[in-house]
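Heads up: the structure comes next, in structure tokens.
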Amino acid sequence: MAITPDAQRFARRVGGDVGEGIAAVLSLLGVPGLISFAGGFPDPSTFPRERTAELLGEFVATGETSAFQYAPTRGLAGPLEAVAARLEATQGRRPSDDELLIASGAIEGLELVSKTFLDPGDVVVVEAPTYLGAIMAFRGYDAELVAVPMDADGLQVDELERRLAAGVGPKLLYTIPDHQNPAGVSMSTERRELLVELARRHGFLVVEDVAYRELAFDGDALPSLWSLAPDVVVQLGTTSKTFFPGVRLGWAVGPAEISAQLVNAKQNTDQCAGALGQRLFEEYVRRGWIEEQLAQSRALYRRKSERMLAALERSMPAGTTWTTPHGGFFSWLTFIDGVHSAELARRAVESGVGIVPGGLFYVDGNGADKVRLSFSMVDEERIDEGIELLALLALSA
Ligand SMILES: Cc1ncc(COP(=O)(O)O)c(C=O)c1O
């Protein structure tokens, strides 16, 4: 029987425009010569090319097989040990063996958590704004998303408390507490403490995404939610911004019972994260190379951020505001009334500048006056020119 490839056969969950939104953003990156503040990609100059080549050469020369073979679903023992040791060093808590698993990136962590917890109609609280990939993951399982606003100190936990008191009953709460994507702000320590207390009191699980945690410009970090409350937090981490995203590698750490279910879910997702990437990362950590790369990356991103903020200060129309990141990849811009960011993004591409309109980061149609600016991958020498062009467009909007 011939199968017609028409969209009517697609599952309901693939409808909607969020997927198209991400595709549009990624396609912006492909325009030749574009000064792109669009993608949250790491700067290619941070990629450890020579060291990767050296390690690959060693794996071949020593006849190693594990890097080339399937791995256990939870992860290879050595890489698990390397991640556990790093968690202990950077967050002050060492996970037990049954709490940690290696995932194929934080995106896969989101998929595994969603698959494990979400039935249609289950409520997930997200930050407003939040990471588009998370919105897609939760929507993919027909969750109902409830957005709680943020300010300069991250998620407004007092507002969350009011919503909980008013009867909102989430199964999960998703947050990016450090150098948030897209807002570029971090959650204060007081709010972190209150948030995990609310999770315990109201019986929801906190999903903590630490994608940018290790990229504080001064190297300092506030206590992770997982270290504060390992009983009610699953932490999703990634090596994409600190090693390189080509390996698609990350971790999920949380209560043993949940971790076991995530391992089950992974068995029919990809069965195991790529062993080659796991072994490369393990050696990278063991030899202390990750710390060297982190120091260089932090300095690079700090320089780029400062340059972009200075250019914004010089050129943006009066009344425009933006966040001041202390790490990560992003600043979040709010225009004065009358500037429509989706329209501005379209005109910006025509003028050779890529930006992401704010609406993509909201679940409730907000964000028309906002824009995410990523300084991570844009050519340093072209930051001023890009921001000046953007300011001219905003002035004429
Ligand atoms: C907040 C956040 N989480 C997760 C990811 C994706 O991480 P990974 O490359 O490990 O899938 C990103 C990447 O843009 C991100 O910004």
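Order of appearance sets the numbers: ligands from 1, and atoms from 1 within every ligand.
Here the protein heavy atom with the shortest distance to atom 5 (C) of ligand 1 is Tyr131 OH, 3.3 Å. Protein heavy atom in closest approach to atom 16 (O) of ligand 1: Tyr212 OH, 2.6 Å. At the top of the distance list for atom 7 (O) of ligand 1, counting protein heavy atoms only, stands Ala106 CB, 3.7 Å. The protein atom (non-hydrogen) at minimum distance from atom 9 (O) of ligand 1 is Ser240 OG, 2.7 Å.
With a 4.0 Å cut-off on non-hydrogen atoms, Asp209 touches ligand 1 through its side chain and not its backbone. The side chain of Ala211, and not its backbone, has at least one atom closer than 4.0 Å to an atom of ligand 1 (non-hydrogen atoms only; side chain from C-beta on). With a 4.0 Å cut-off on non-hydrogen atoms, Glu108 does not touch ligand 1 at all.
Under 3.5 Å, the side chains of Glu388 and Ser315 contain no donor-acceptor pair of N or O atoms. Looking at Ser224 and Arg192, their side chains never bring a donor and an acceptor atom within 3.5 Å of each other.
Annotation: side chain of Val234 is not in contact with side chain of Glu208 (no heavy-atom distance under 4.5 Å). Within the 4.5 Å cutoff, the side chain of Pro223 has no heavy atoms near those of the Gln91 side chain.
In this comparison of Gln180, Lys241, His179, the heavy atom closest to atom 14 (O) of ligand 1 sits on Lys241.
When hydrophobic clusters are built by joining Ile, Leu, Val, Met, Phe, Trp and Tyr residues whose side-chain heavy atoms come closer than 4.5 Å, directly or via intermediates, Trp289 is grouped together with Leu215.
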### Message
Checking Phe361 against Tyr131 for the ring-ring contact (aromatic ring centres under 6.0 Å, His included) test, could you report, in this order, the C-alpha distance in whole Å, the side-chain angles of both residues, the deciding distance, and whether it holds?
### Response
CA-CA 6 Å; Phe361 304 97; Tyr131 170 50; 8.6 Å; no
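Residue Leu249 places no N or O, backbone or side chain, under 3.5 Å from any N or O of ligand 1. Of the polar atoms of Thr238, at least one N or O is found under 3.5 Å from an N or O of ligand 1, judged by distance alone.
Close approach of ligand 1 to Ile176 is summarised as follows: ligand atoms under 4.0 Å from at least one heavy atom of the residue are 1 (C). Listed by number with element, the atoms of ligand 1 under 4.0 angstrom from any heavy atom of Gly105 are 10 (O), 11 (O). Atom numbering of ligand 1 starts at 1 in the shown order; those under 4.0 Å from a heavy atom of Arg248 are 8 (P), 9 (O), 11 (O). In the vicinity of Asn181, heavy-atom distances shorter than 4.0 Å reach the ligand 1 atoms 15 (C), 16 (O).
Side-chain atoms of Thr90 come within 3.5 Å of backbone atoms of Arg86 as a donor-acceptor pair (strictly under, hydrogens ignored).
Within a 6.0 Å sphere centred on CG of Asp337, heavy atoms belonging to other residues, nucleotides or ligands number 12 at most.
The CZ atom of Arg303 sits 12.5 Å away from atom CZ of Phe375, with the distance rounded to the nearest 0.5 Å.
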